[in-house]
A.B. asks: 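Quick one: the structure is below, and I'll ask about it shortly.
Atom set for the values below is all heavy atoms of this structure, side chains included, hydrogens, waters and symmetry mates excluded. These numbers were taken from a predicted model, which means no experiment stands behind them.
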Amino acid sequence: PVKDQVENIIKFVASNAVRESREQQFEGLLLNRVFLGNPGTGKTTVAKIYGQLLVELGLLSKGDVIVKTPSDFKGAVLGNSEKQTRDILKAAEGCVLVIDEAYSLHSGGELSGTSDPYGEAVITTLVEQIQPKPGSDIAVIFLGYEAEMRQMFNHCNPGLKR
């Protein structure tokens, strides 16, 4: 539930404030999220509120919400998808990057007998680039239908399962 997640983030920020007052090292927080649901259930609206919350708590520098779809990440030729993905992530620093219909990055792979090397390249690059790092200034939110997103997480890059 979103409310529980927000409460946990607020507790985390308060805990880090205590750590700072004791001159202890901050604990890291992964800002990335997955919002599941049907169209019209408010996923993008919640993403915007989430961005505002992260700015107010000092966890993001800007808090703007940038909405992209899988086609925005995929290049026209092999090798371009990785660059486009890195460019989008760089432009989204300090912001919330929403990937709408994120399940479309995964074509089904071994389940459908087909493979999308462009989508696989995007997923691999995302996994590499959005690992939690101290001082990370981006929140990536994957939006999509529950069944399709679960299939993607279970059947593509193992880094997405975390």
A.B. asks: Quick one: are Leu97 and Ile130 in side-chain contact, heavy atoms under 4.5 Å?
C.D. replies: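 The answer is no, as the side chains (C-beta and beyond) never meet within the 4.5 Å cut-off.
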A.B. asks: To check you understand the geometry: which heavy-atom pair defines the closest contact between Lys43 and Leu36, and what is its length?
C.D. replies: CD-C, 3.8 Å
A.B. asks: Looking at every heavy atom in both Ala139 and Leu60, which two are closest together, and how far apart are they?
C.D. replies: N-CD2, 4.1 Å
A.B. asks: Looking only at heavy atoms, what is the nearest atom pair of Asn80 and Gly75, with distance?
C.D. replies: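 In terms of heavy atoms, the two residues are closest at CB-CA, 3.6 Å.
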A.B. asks: I'd like to know if Arg150 and Glu146 make a salt bridge, using a cut-off of under 4.0 Å between side-chain N and carboxylate O.
C.D. replies: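 Salt bridge: yes.
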A.B. asks: Which atoms form the tightest heavy-atom contact between Tyr118 and Ala76, and what is the distance?
C.D. replies: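 It is OH-O, 3.9 Å.
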A.B. asks: Give a yes or no on whether Ile10 and Val96 share a hydrophobic cluster (residues Ile, Leu, Val, Met, Phe, Trp, Tyr; joining criterion: side-chain heavy atoms under 4.5 Å apart).
C.D. replies: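 Linked, Ile10 and Val96 end up in one cluster.
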A.B. asks: Taking all non-hydrogen atoms of both residues into account, name the closest pair between Ser81 and Ala121 and its distance.
C.D. replies: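 The answer is CB-CB, 4.0 Å.
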A.B. asks: Can you measure from OG1 (Thr124) to CD (Glu82) and round to the nearest 0.5 angstrom?
C.D. replies: 8.0 Å
A.B. asks: Going by the side-chain contact (heavy atoms from CB on, under 4.5 Å) test, name the single residue among Leu126, Thr85, Asp116 that passes it with Leu105.
C.D. replies: Leu126
A.B. asks: Would you name the heavy atoms of Lys68 and Asp72 that are closest together and state the gap between them?
C.D. replies: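 Nearest pair, atom of Lys68 first, then Asp72: CA-OD2, 3.3 Å.
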A.B. asks: Out of the candidates Ile138, Asp137, Leu31, only one should pair with Leu54 under the side-chain contact (heavy atoms from CB on, under 4.5 Å) rule; please name it.
C.D. replies: Leu31
A.B. asks: For residues 57-104, which residue pairs qualify under ring pair (Phe, Tyr, Trp, His ring centres under 6.0 Å), counting only residues two or more places apart or in two chains?
C.D. replies: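 Qualifying pairs, neighbours excluded: Tyr103-Tyr145.
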A.B. asks: Look at the aromatic rings of His155 and His106 and report parallel, tilted or perpendicular, splitting at 30° and 60°.
C.D. replies: parallel
A.B. asks: Is there side-chain contact between Ile66 and Ile88, with heavy atoms separated by less than 4.5 Å?
C.D. replies: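 Not in contact.
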A.B. asks: Whether the side chain of Glu93 engages the backbone of Leu89 through a donor-acceptor N/O pair (distance < 3.5 Å, no angle test) should be reported.
C.D. replies: no
A.B. asks: Ignoring hydrogens and geometry, is there a side-chain-to-backbone donor-acceptor pair from Asp100 to Leu143 under 3.5 Å?
C.D. replies: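 No; zero donor-acceptor contacts below 3.5 Å.
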A.B. asks: I'd like to check Thr69 versus Ser104 (side-chain heavy atoms, cut-off strictly below 4.5 Å). Are they in contact?
C.D. replies: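 Heavy-atom side-chain distance check fails, nothing below 4.5 Å.
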